[in-house]
Amino acid sequence: MNIFTSFKERFGKYIPATVFVLFLVSLVCCGESNYIRSCNFTREINELKSEIKANQDSTAMYERRLRELQTDGEALEKIAREKYGMKHENEDVYITPMK
């Protein structure tokens with residue numbers, strides 16, 4: 001009895017299962033398009049989509065605010081007074097600390 005026949009008798013029934021397991025491992029861990037990389041790319045795409053959505057919402061808010069400031073003189077004056085401390089020539093402004 002030679003070595004190969006002895007090996008085949010002992011382990012022959014495990015060869016298909018071993019090949020199948022090695023194939024699954026290669027799908028999950030190896031290669032350019034493996035499952036782990038695919039999951040990471042999907043997660044990254046979802047994160048970037050949510051970031052794009054947040055930036056679009058922010059852009060829309062700033063565009064609304066810009067249109068408001070360009071058309072409404074009172075809103076522009078309010079910001080100039082509150083944020084930048086501007087006043088008319090004949091006014092006195094008193095700033096009181098808030099608690």
Side-chain angles (χ1 to χ4, degrees):
M1 190 151 136
N2 69 26
I3 296 174
F4 183 71
T5 307
S6 170
F7 179 79
K8 189 174 180 182
E9 287 174 359
R10 288 185 181 175
F11 302 108
K13 59 186 172 185
Y14 300 115
I15 290 175
T18 304
V19 169
F20 181 71
V21 168
L22 289 174
F23 175 71
L24 288 179
V25 168
S26 71
L27 284 178
V28 171
C29 299
C30 303
E32 288 292 317
S33 60
N34 63 48
Y35 181 73
I36 295 171
R37 286 180 91 185
S38 176
C39 289
N40 288 339
F41 287 147
T42 303
R43 180 185 43 79
E44 186 176 348
I45 287 170
N46 290 335
E47 288 173 0
L48 290 172
K49 283 181 180 179
S50 65
E51 186 177 332
I52 287 170
K53 176 71 173 136
N55 288 337
Q56 287 173 340
D57 292 345
S58 177
T59 301
M61 186 265 308
Y62 284 120
E63 286 176 351
R64 279 193 309 272
R65 187 74 173 140
L66 177 62
R67 267 187 262 111
E68 178 186 348
L69 290 174
Q70 288 174 339
T71 59
D72 189 8
E74 290 178 11
L76 184 61
E77 183 178 344
K78 179 180 176 186
I79 289 178
R81 287 173 172 274
E82 291 176 359
K83 192 170 184 178
Y84 298 108
M86 299 178 115
K87 64 182 183 89
H88 290 288
E89 288 182 19
N90 58 353
E91 286 183 329
D92 290 328
V93 177
Y94 298 101
I95 300 174
T96 58
M98 306 206 57
K99 289 185 179 182

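Throughout, numbering of the chain's residues begins at 1 and tracks the sequence.
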Exercise. Rounded to the nearest 0.5 Å, how far does CD of E44 lie from NZ of K49?
Worked result: 12.5 Å
Exercise. Which residues satisfy the salt bridge (charged side-chain N to carboxylate O under 4.0 Å, His left out) test with R37, sequence neighbours excluded?
Worked result: E32
Exercise. Looking at CD of Q56 and CD of E51, how far apart are the two atoms once the value is rounded to the nearest 0.5 Å?
Worked result: 11.5 Å
Exercise. Is any NZ, NE, NH1 or NH2 atom of the basic residue among E74 and K78 found under 4.0 Å from an Asp or Glu carboxylate oxygen of the other?
Worked result: no
Exercise. Rounded to the nearest 0.5 Å, how far does CD1 of I79 lie from CG of D72?
Worked result: 9.5 Å
Problem set entry | Contacts of type side-chain hydrogen bond (donor to acceptor under 3.5 Å, both in side chains), residue E68, not counting sequence neighbours | R65
Exercise. Can any side-chain N or O of T59 pair as donor or acceptor with the backbone N or O of N55 at less than 3.5 Å?
Worked result: yes
Exercise. What residues, two or more places apart in sequence or in another chain, satisfy side-chain hydrogen bond (donor to acceptor under 3.5 Å, both in side chains) together with K53?
Worked result: D57
Exercise. Cluster question for you: counting only ILVMFWY and a side-chain heavy-atom cut-off of under 4.5 Å, with indirect links fine, are F41 and I36 together?
Worked result: no
Problem set entry | M61 reachable from L69 in the ILVMFWY side-chain graph, under 4.5 Å edges | no
